[in-house]
Number of protein chains: 2
Amino acid sequence: MVSYTEENYLKAIFKLSEKNKEEISTNAIAESLAVKAGSVTDMLKKLAEKGLIHYTPYSGVELTGQGRQTAVKIVRKHRLWEVFLVEKLGFRWDQVHPMAEELEHIDFDELIERLDVFLGNPKFDPHGDPIPDEKGEFQPSESIRLSEADTGQRLQMIGLENHTTAFLQYLDKKELALGSRIAIVEVAPFDKSLTITIDGDRQVHISHEVAKNILVAVKES
Amino acid sequence: MVSYTEENYLKAIFKLSEKNKEEISTNAIAESLAVKAGSVTDMLKKLAEKGLIHYTPYSGVELTGQGRQTAVKIVRKHRLWEVFLVEKLGFRWDQVHPMAEELEHIDFDELIERLDVFLGNPKFDPHGDPIPDEKGEFQPSESIRLSEADTGQRLQMIGLENHTTAFLQYLDKKELALGSRIAIVEVAPFDKSLTITIDGDRQVHISHEVAKNILVAVKES
DNA sequence: TCTAAATTTTAGGCTTATCTAAATTATTAT
DNA sequence: ATAATAATTTAGATAAGCCTAAAATTTAGA
């Protein structure tokens, strides 16, 4: 049995591992869960005893196969529920995270699989993040940051590196959505800010910082 | 803030009050939550401090207005999710209780109201139990036990007094479902068992015990 | 390289929700 | 009316998760 809290630790470790590749520090986990470092140490010992992580004091932490499997399943549930909330209940993409954060802990295999079917086996959530399949496999997608693309390339917005409400609402205001076709018109040499066209017509200006947080696929041209 | 566990106590007290009308005993609560009486006493003190119940030691318990409101909201969520699971995900009515038992604790007002709309503002759950509205009002429905109906009356099955999986599956086997039109052909004097017709054709035999647990509406004839 | 700073762990406490066993109060039967 | 029984509450423990403060370890700077 993996408790609600243990699940959140595993998910946090998984997400940190995705970003940083290296071993995950106690402090990083503490920060991401808004708890104190001492609490994290306690939990790491427990998770290690349960065989969900490899833990060597002072040296960091890594998920075991079983730990990763547990974490990925939670991510799967989270993202499926987000699709449900947006596609079926009509929520906006910036509203669904807190609800999915609760729904993800409900654990009935048949519920997940029926939900998946009901939603049409979606491969990406409303923010463009991939939804792992029942076996925990992610569909790999080739994406680069918009800040790293070249002028003239045909691009399509397929994901985000930042999921804060503020950022999502900013994109809404600029009418930048997943699936938008983007072309870079010009990069300002001074601050690397970009002028882009969206869906072939509207022209908008965005900062380098924003462009770093937008993931695009490069389309054949 | 009402914790997950406190919610379950309030719901248990509410359900016992529905059935028994009288004051609710510590033991009854303990039994329905599968905990020991001593644990119940602890919790009753806490709920009383929070103003959710009226509690006098040794004399029983009653929900306050606020306590009832909290309990009814949980019931509303439970039953809406049951409708979702059956109508949208295709579960059978005997499968959904444990899932709804978890989903009912997820508390976002907008989620509930959007789910309600998505489901078409259902007034009854898959077992025929009424779904309270946002204000906590139940739509009253006139029902009697099948065991109390008379031969010759036109009846319609609209609810159940027993929600165990075994009973639900028994009804499935007899092809008795909510909405079935029922007429009593004969009541055996010896054991009060009934011969009934279902939807005008099929004739089945059921025990008095089963008939006591089926709620029917008497239709004008 | 060795000391100062940063990180991590340990130790001791707190809260919530549970338990068991003992003590108290209420109910029932003679 | 009172003794036996049943129900309830109290007291003392336990486990999970969190905290703060002190100790230990690692890392980094001079």
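Basis for what follows: all heavy atoms, side chains included, without hydrogens, waters or symmetry-related copies.
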Taking atom NZ of Lys192(A) as the centre, report whether more than 12 heavy atoms of other residues, nucleotides or ligands fall under 6.0 Å from it. no
Side-chain N,O (Tyr55(A)) to OP1/OP2 (dT9(C)) below 4.0 Å:
yes
N or O in side chain of Asn27(A) less than 4.0 angstrom from dA6(C) OP1/OP2
no
Note to self: For Gln69(B), I'd like to know if atom CD has over 12 heavy atoms of other residues, nucleotides or ligands within 6.0 Å.
What the structure shows: no
- Message: Tell me whether the side-chain N/O atoms of Ser39(B) come closer than 4.0 Å to OP1 or OP2 in dC19(C).
- Response: yes
Item to check | Side-chain N,O (Lys45(B)) to OP1/OP2 (dT9(D)) below 4.0 Å | outcome: no
Could you tell me if Arg114(B) sits above the aromatic ring of Phe91(A), with its cationic atom closer than 6.0 Å to the ring centre and no more than 45 degrees from the axis? yes
To the nearest angstrom, the NZ-P distance between Lys50(B) and dT16(C) comes to 8 Å
Rounded to whole Å, the CG-P distance (Leu47(A) to dA16(D)) equals 12 Å
Subject >> cation_pi(Lys88(B), Phe84(A)) dist<6.0 Å, angle<=45 >> reply: no
| At under 4.0 Å, does any side-chain N or O of Lys36(A) touch on OP1 or OP2 of dT20(D)? | yes
Rounded to whole Å, the OH-C1' distance (Tyr58(B) to dT27(C)) equals 13 Å
Taken to the nearest whole Å, CD/Glu49(A) to P/dA16(D) is 10 Å
When you measure from the side-chain N and O atoms of Thr26(A) to the phosphate of dT9(C), is any distance below 4.0 Å, counting only OP1 and OP2? yes
Query raised in the report: Would one find more than 12 heavy atoms of other residues, nucleotides or ligands at under 6.0 Å from atom CD of Glu142(A)?
Result: no
So, with a heavy-atom separation below 4.0 Å from DNA chain D, the residues of residues 4-11 of chain B are none
Pairing partner of dT10(D), by Watson-Crick or G-U wobble and under 3.5 Å for both distances, is dA21(C)
Using Watson-Crick geometry (N1-N3 plus N6-O4 or O6-N4) or G-U wobble (N1-O2, O6-N3), each under 3.5 Å, dA30(D) is paired with dT1(C)
Exercise. Has Glu31(B) got more than 12 heavy atoms of other residues, nucleotides or ligands less than 6.0 Å from its CD?
Worked result: no
Checklist entry - Heavy atoms under 4.0 Å, any strand shown: does Ser59(B) hit a base, just sugar-phosphate, or nothing? => result nothing
Quick note, ring pair (Phe, Tyr, Trp, His ring centres under 6.0 Å) partners involving residues 50-78 of chain A, not counting sequence neighbours, are His78(A)-His97(A)
Asp42(A) CG to dT9(C) P, in whole Å, measures 10 Å
